[in-house]
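So the structure is just underneath, and the comments pick up after that.
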Amino acid sequence: MNTPLIKLPVKTDAGEFTAGYSATGLAGLDFPKAGRASPRAAQKAASPAKIRGWHRLTAAALKNVLAGRAANKLPPLDWAGRTEFQKSVWRQLLKISPGQTKSYGEIAKAIGKPKAVRAVGGACGANPIPVLVPCHRILAANKRLGGFSGGLDWKRKLLAGEGVSL
DNA sequence: CTCCGCCTACCAA
DNA sequence: TTGGTAGGCGGAG
């Protein structure tokens, strides 16, 4: 049985993101979605102090990244139920600092599976915590944009905010 | 097993 | 430059 996540909003000048927490950490982050109601106040009040503490970190980190700065401190990330392959890819992403980019091929090489290039793309697409786990810093070979599950507009915007030009 | 994908390298226009 | 293609690998069903 998987308990539903506790959802909390993060207001930024780029819109209201929604963070989702499990009992062990931040498990998801959603881009602002037009027409989506803000998480209920009742749910906020009910959230344990532990989660509110994580949420402060999430909110600060998110604002940092949106401003082109390093996330700095992140709450624990809950990657339960994900495959080892995906986790190894995401761990690599966390090593990339703002303004840096890597290709899918480089990530594949870094995790010791140089030919799993396309699979790396799949893992990026399955990333439940975009922005903080910076899948947007992965470009296709030859520095082309590649894809982005959250929408290419976000990818462009995030990269531009970090001073990356294509 | 089959199908698909945030890929790549390569070849032809 | 664009466009098609085949190889490769992990994930979902």
Side-chain angles (χ1 to χ4, degrees), chain A residues 1-5 7 9-10 12-36 58-59 61-72 74-166:
Chain A
M1 283 310 302
N2 61 9
T3 19
L5 302 179
K7 305 266 191 174
V10 184
T12 75
D13 30 349
E16 184 175 287
F17 287 70
T18 300
Y21 301 90
S22 71
T24 56
L26 175 62
L29 183 65
D30 295 329
F31 286 103
K33 206 187 302 180
R36 191 219 315 87
T58 299
L62 179 56
K63 285 167 188 169
N64 280 341
V65 176
L66 291 175
R69 294 184 277 109
N72 206 22
L74 294 180
L77 304 181
D78 178 7
W79 285 339
R82 304 310 176 127
T83 68
E84 274 312 308
F85 179 84
Q86 291 172 329
K87 290 188 267 190
S88 65
V89 168
W90 301 334
R91 276 190 291 268
Q92 286 300 315
L93 301 190
L94 288 174
K95 295 182 183 175
I96 308 175
S97 38
Q100 280 188 157
T101 65
K102 300 228 177 215
S103 69
Y104 295 94
E106 287 175 302
I107 297 297
K109 207 172 310 170
I111 62 176
K113 307 201 173 186
K115 288 188 276 191
V117 181
R118 211 169 169 190
V120 166
C124 289
N127 171 20
I129 311 174
V131 188
L132 299 186
V133 176
C135 43
H136 61 280
R137 295 183 189 138
I138 308 302
L139 301 180
N142 212 9
K143 300 296 181 202
R144 277 166 328 117
L145 196 53
F148 194 64
S149 58
L152 286 177
D153 288 346
W154 275 108
K155 188 167 184 175
R156 273 188 283 263
K157 178 171 191 165
L158 291 166
L159 288 171
E162 300 182 3
V164 174
S165 53
L166 309 170

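Below, chain A is the first sequence line, B the second, and so on; all start at residue 1. As a basis for the values below, the full set of heavy atoms in this structure was taken, side chains included, without hydrogen atoms, waters or symmetry mates.
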Would you mind reading off the distance between A:L93 atom CG and B:dC6 atom P, rounded to a whole angstrom?
-> 15 Å

Roughly how many Å is it from NZ in A:K143 to C1' in B:dC6, rounded to a whole number?
-> 15 Å

For A:W90 and B:dC6, what is the distance between atoms CH2 and C1' respectively, to the nearest whole Å?
-> 14 Å

Counting any heavy atom closer than 4.0 Å, what does A:F148 reach on the DNA or RNA strands: base, sugar-phosphate only, or nothing?
-> base

Atom OH of A:Y104 to atom P of B:dA9: distance rounded to whole Å?
-> 14 Å

If you round to the nearest 0.5 Å, how far is CG of A:L93 from CG of A:L132?
-> 12.0 Å

Runs of at least three consecutive pairs that involve DNA chain C, where pairs are Watson-Crick or G-U with distances under 3.5 Å | B:1-5 with C:9-13, B:7-13 with C:1-7

B:dC6, C:dG11, B:dT8: which one has an atom nearest the side-chain heavy atoms of A:A140?
-> B:dT8

Minimal non-hydrogen separation, A:G147 against A:K155, with atom names | O-NZ, 2.9 Å

Can you name the nearest heavy-atom pair linking A:R82 to A:P128, along with the distance?
-> NH2-CB, 3.7 Å

Which whole-number value in Å describes the distance from A:F85 CZ to C:dG8 P?
-> 16 Å

Starting at atom CG of A:L139, determine the distance to atom C1' of B:dT8, rounded to an integer number of angstrom.
-> 14 Å

Atom CG of A:N142 and atom P of B:dT8: how far apart are they, to the nearest Å?
-> 9 Å

A:P32 and A:A14: which non-hydrogen atoms are nearest, and at how many Å?
-> CG-O, 3.6 Å

Is there a side-chain contact between A:S103 and A:I138 (heavy atoms, below 4.5 Å)?
-> no

For the atom pair OH (A:Y21) and CG (A:D78), what is the distance rounded to the nearest 0.5 Å?
-> 12.0 Å

Residues in contact with DNA chain B, drawn from residues 106-138 of chain A - heavy-atom cutoff 4.0 Å | A:V117, A:R118, A:A119, A:G121, A:C124, A:G125, A:C135

For the residue pair A:F31 and A:F17, categorise the inter-ring angle as parallel (less than 30°), tilted (30 to 60°) or perpendicular (more than 60°).
-> tilted

Ion pair present between A:E84 and A:K87, side-chain N to carboxylate O less than 4.0 angstrom?
-> yes

Expected output: side-chain A:W90 to main-chain A:A123 donor-acceptor under 3.5 Å | yes

